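Here the structure is a predicted model, which means the values were calculated and not measured. Basis for what follows: all heavy atoms, side chains included, without hydrogens, waters or symmetry-related copies.
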Amino acid sequence: MPDEVKTRTTPTPEPGPDAGHVPMTEEMDSAKWSLPPVVPVLIALGIVAVAVAIYAVHGTKFVARPSGKLVGVTVAEQKHESSIAPAESRVLVAVQVSVSNPGPKPVYVQGASAEVKTDAPDALKDDAAATSDFERYATAFPELKQVASTP
């Protein structure tokens, strides 16, 4: 056999363990297989603890809210009769409200409105009159002049 041809054969690698054939040396009940790495878990836990601490200190501040109460209500009725139209009555309601502001920022009243529910299917709605009209209303309804106060 002088003419032997030498061929190189590469050994085939052994297939790794699959799910059905786990070698006995690889036990699945050890911490290496059942727990995540400790360092990333501790870092994530520290970040969550810092976030909760920041929220507990800064996120739950008590903010004083303005409050209001109804001080008084005055109703003024004006009856109007004419030879052309039947008797009509007009009602003007003056409401006194007290607003207290415990906070440092000023409070501005943006508007006021009222709604009266009667036997009619629709409720009666109205908005507050302007401050500049008060003198005119006090002339038409003298009862309002008695309960007038300064804002």
Side-chain angles (χ1 to χ4, degrees), residues 12-151:
T12 58
E14 288 187 29
D18 59 23
H21 300 91
V22 177
M24 294 302 287
T25 58
E26 298 290 330
E27 295 182 16
M28 298 299 281
D29 63 346
S30 69
K32 175 183 173 186
W33 292 103
S34 60
L35 293 176
V38 175
V39 174
V41 170
L42 291 177
I43 291 172
L45 188 61
I47 291 172
V48 169
V50 167
V52 168
I54 289 172
Y55 177 75
V57 171
H58 296 292
T60 57
K61 283 187 176 179
F62 174 73
V63 178
R65 303 277 184 213
S67 63
K69 65 180 178 178
L70 191 64
V71 175
V73 176
T74 304
V75 178
E77 183 176 9
Q78 182 184 40
K79 293 190 178 188
H80 177 70
E81 290 187 42
S82 70
S83 59
I84 300 172
E88 294 179 357
S89 65
R90 299 180 197 145
V91 176
L92 187 70
V93 178
V95 179
Q96 293 176 328
V97 178
S98 172
V99 178
S100 63
N101 180 19
K105 293 183 179 179
V107 174
Y108 300 101
V109 178
Q110 296 291 329
S113 63
E115 180 177 337
V116 177
K117 294 183 180 177
T118 62
D119 294 337
D122 294 334
L124 301 172
K125 298 178 184 177
D126 198 9
D127 293 326
T131 308
S132 60
D133 293 337
F134 187 74
E135 287 299 321
R136 192 168 52 101
Y137 291 136
T139 305
F141 300 93
E143 297 92 2
L144 298 179
K145 208 167 222 178
Q146 298 170 359
V147 295
S149 63
T150 58

What closest approach, in Å, do [X] and [Y] show between heavy atoms, and which atom pair accounts for it?
X	Y	result
P66	P102	CA-CD, 4.0 Å
T74	E143	CG2-O, 4.4 Å
V71	V97	CG2-C, 4.2 Å

_Criterion side chain to side chain contact (heavy atoms under 4.5 Å, CB included) on V99 and N101, from CA distance to verdict_ = CA-CA 7 Å; V99 178; N101 180 19; 5.7 Å; no
*Qualifying residue, where the test is side-chain contact (heavy atoms from CB on, under 4.5 Å) with V75 and the options are V93, L144, V95*: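 The side-chain contact (heavy atoms from CB on, under 4.5 Å) with V75 is passed solely by V93 among V93, L144, V95.
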*Interatomic spacing from NZ in K117 to NZ in K125 - rounded to 0.5 Å*: 9.0 Å
